Amino acid sequence: MQIIICDEHLMFSEALSSLMAQRGHRVLARISSPDEAVDVLDRHEADVWLTELEFVGYEGAAAVRRLRALEPGLPIVVFTAHRDTNLLHEALAEGADGVALKTEGIDEVERLLRRVCALPFKTSHGRTGPDKAWSQRARASVQRQSSRVATQSLTQKEQEVMLRLARGESTSAVAAGLGVSVSTVRTHLQHLYVKLDVHSRLELVAYAVRNGMVRVEGAPAMSA
C-alpha cells in the first residue's frame with residue numbers, strides 16, 4: 001500500500017511510518033495538517049489516507065471532511081487516540097472509511113488498511129471508489145470499539161454484577177452471591193449505567209448481550 005500519514009505529532013507519525021515500512025508498505029508523505037494535503041496530492045498518487053481526527057484549526061471531524069473534499073474517492077482510515085464514540089461516528093458521517101484506536105496497536109490498523117484498500121475505489125486519477133457496504137462495516141467497527149472501551153473501564157465487581165443480572169438474578173440475589181450489601185450492588189449498578197450510558201437494568205442487560213460482553217447462556221465474554 002502507498003500511504004499518506006496526516007498527524008500533527010511528528011514523532012508519532014515518524015514511528016508509524018517506520019513500522020509500516022517494516023511491513024512492506026510505502027509511506028509517500030507525512031504531513032502535520034490537512035492544510036498540507038493539496039501539495040501532497042499534487043506530487044503523489046496514494047492508495048489511502050491514514051489520519052488523526054483533530055488538528056489545530058479543525059474541530060470535530062472537520063479534518064476528515066477536508067480530506068474527503070480534496071480527493072472524494074481516496075479511502076480514509078482514522079487512527080486516533082480519541083475515544084469519544086460520537087466523534088468517531090461523526091468521522092464516519094464525514095466520509096471516513098474506517099476507524100481504529102491507537103490503543104489497539106499497529107496490527108489492527110494494518111488489517112483495517114488492507115480491508116479498505118481491497119475494495120475498489122475511484123480517485124481523480126481514474127480508479128473506482130469504496131462501496132456503501134464498507135461504511136456499514138465501519139460503523140459496526142466503531143460500535144465494537146466503543147464496547148471494548150466501555151468494558152475496559154469496568155471494575156471486576158461491576159462485571160460480576162452485570163453477569164449476574166444477565167443471568168436473571170435479583171438485586172438481593174446478586175448481593176448474596178457477591179457477599180456484599182444490597183446498597184453496594186445498587187452503587188455498582190449506578191456506575192454501570194453511567195459508564196455504559198444506559199438507564200435501566202433491561203437496557204444494561206440488552207447492551208451487554210448485544211455487544212458480546214456476556215453470552216446469552218450466562219458465561220462471561222468480556223473483551224480483552
Side-chain angles (χ1 to χ4, degrees), residues 1-117 119 121 123 129-130 134-135 137-150 152-153:
M1 283 178 288
Q2 300 201 117
I3 305 166
I4 298 174
I5 295 175
C6 187
D7 195 304
E8 63 184 1
H9 297 98
L10 295 179
M11 290 184 66
F12 174 82
S13 66
E14 183 177 0
L16 181 58
S17 177
S18 177
L19 287 170
M20 286 297 172
Q22 291 173 23
R23 291 166 181 250
H25 309 299
R26 184 184 177 197
V27 175
L28 300 176
R30 294 184 292 110
I31 59 178
S32 59
S33 168
D35 294 337
E36 303 172 38
V38 175
D39 182 55
V40 169
L41 288 173
D42 285 342
R43 292 184 289 110
H44 300 288
E45 185 173 336
D47 295 319
V48 62
W49 288 108
L50 182 56
T51 183
E52 242 297 352
L53 258 181
E54 292 188 316
F55 298 83
V56 174
Y58 288 85
E59 295 184 357
V64 172
R65 182 167 63 250
R66 171 65 169 159
L67 296 178
R68 174 57 67 224
L70 287 173
E71 188 65 277
L74 189 63
I76 299 172
V77 169
V78 171
F79 192 33
T80 182
H82 294 281
R83 293 172 175 240
D84 185 334
T85 306
N86 292 330
L87 183 58
L88 300 182
H89 279 293
E90 184 183 345
L92 293 170
E94 292 291 356
D97 298 288
V99 174
L101 298 177
K102 287 179 178 177
T103 52
E104 294 181 299
I106 193 67
D107 289 338
E108 178 61 25
V109 75
E110 186 186 28
R111 281 193 292 269
L112 186 53
L113 287 167
R114 288 186 180 279
R115 288 201 299 268
V116 169
C117 289
L119 295 173
F121 62 92
T123 71
W134 172 247
S135 294
R137 291 196 292 274
R139 283 169 173 76
S141 174
V142 170
Q143 294 290 359
R144 290 193 297 273
Q145 291 161 1
S146 175
S147 173
R148 284 197 293 272
V149 169
Q152 289 165 3
S153 74

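Quick caveat: nothing in here was measured; it's all calculated off a predicted structure.
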Testing the basics here: between P34 and C6, what is the closest heavy-atom pair and its distance to 0.1 Å? N-SG, 3.8 Å
The side-chain contact (heavy atoms from CB on, under 4.5 Å) partners of E59 (sequence neighbours excluded) come to none
Partners of E110 by side-chain hydrogen bond (donor to acceptor under 3.5 Å, both in side chains), sequence neighbours excluded? R23, H25, R114
Please round to the nearest 0.5 Å and tell me the distance separating atom CG of D35 and atom OH of Y58. 3.5 Å
Taking only residues two or more places apart in sequence, or in another chain, which ones meet D39 in a salt bridge (charged side-chain N to carboxylate O under 4.0 Å, His left out)? R43
So how far is it from L67 CG to L41 CG, rounded to the nearest 0.5 Å? 8.5 Å
With sequence neighbours left out, what residues match E36 under side-chain contact (heavy atoms from CB on, under 4.5 Å)? I31, S32, S33
Any L113 side-chain heavy atom under 4.5 Å of F79 side chain: no
Closest non-hydrogen atoms of A61 and E90, given as atom of the first, atom of the second and distance, are N-OE2, 3.3 Å
Nearest heavy-atom neighbours spanning R30 and S17: CD-CB, 3.6 Å
Flag for Q2-H44: side-chain donor and acceptor within less than 3.5 Å: no
State which residues pass side-chain contact (heavy atoms from CB on, under 4.5 Å) with A15; sequence neighbours excluded, sorted by chain then number. none
The single option from L112, V109, L88, I76 that satisfies side chain to side chain contact (heavy atoms under 4.5 Å, CB included) with V99 is L88
Rounded to the nearest 0.5 Å, what separation is found between the CG atom of L74 and the CZ atom of R68? 7.0 Å
Which atoms form the tightest heavy-atom contact between A91 and L53, and what is the distance? CB-CD2, 3.6 Å
Considering only heavy atoms from C-beta outward, does the side chain of I4 approach that of E71 to under 4.5 Å? no
A side-chain contact here means heavy atoms from C-beta on lying under 4.5 Å apart; do M1 and M20 qualify? no
Please find the pair of heavy atoms, one from P75 and one from V116, that lie closest to each other, and give the distance. CB-CG1, 3.0 Å
With side chain to side chain contact (heavy atoms under 4.5 Å, CB included) as the test, would you mind laying out the steps for E52 and F12 before giving the verdict? CA-CA 11 Å; E52 242 297 352; F12 174 82; over 6 Å; no
Pairwise side-chain contact, S18 with Q22, heavy-atom cut-off 4.5 Å (strictly under): yes
With a 4.5 Å heavy-atom cut-off, do T51 and I5 have their side chains touching? no
Minimum side-chain heavy-atom gap V64-L92 below 4.5 Å: no
Return the set of residues passing salt bridge (charged side-chain N to carboxylate O under 4.0 Å, His left out) with R65 (not counting sequence neighbours), or none when no residue passes. E94
In this structure, OG1 of T80 is separated from NZ of K102 (nearest 0.5 Å) by 6.0 Å
Least distance between heavy atoms, A46 atom then L28 atom: CA-CD1, 3.6 Å
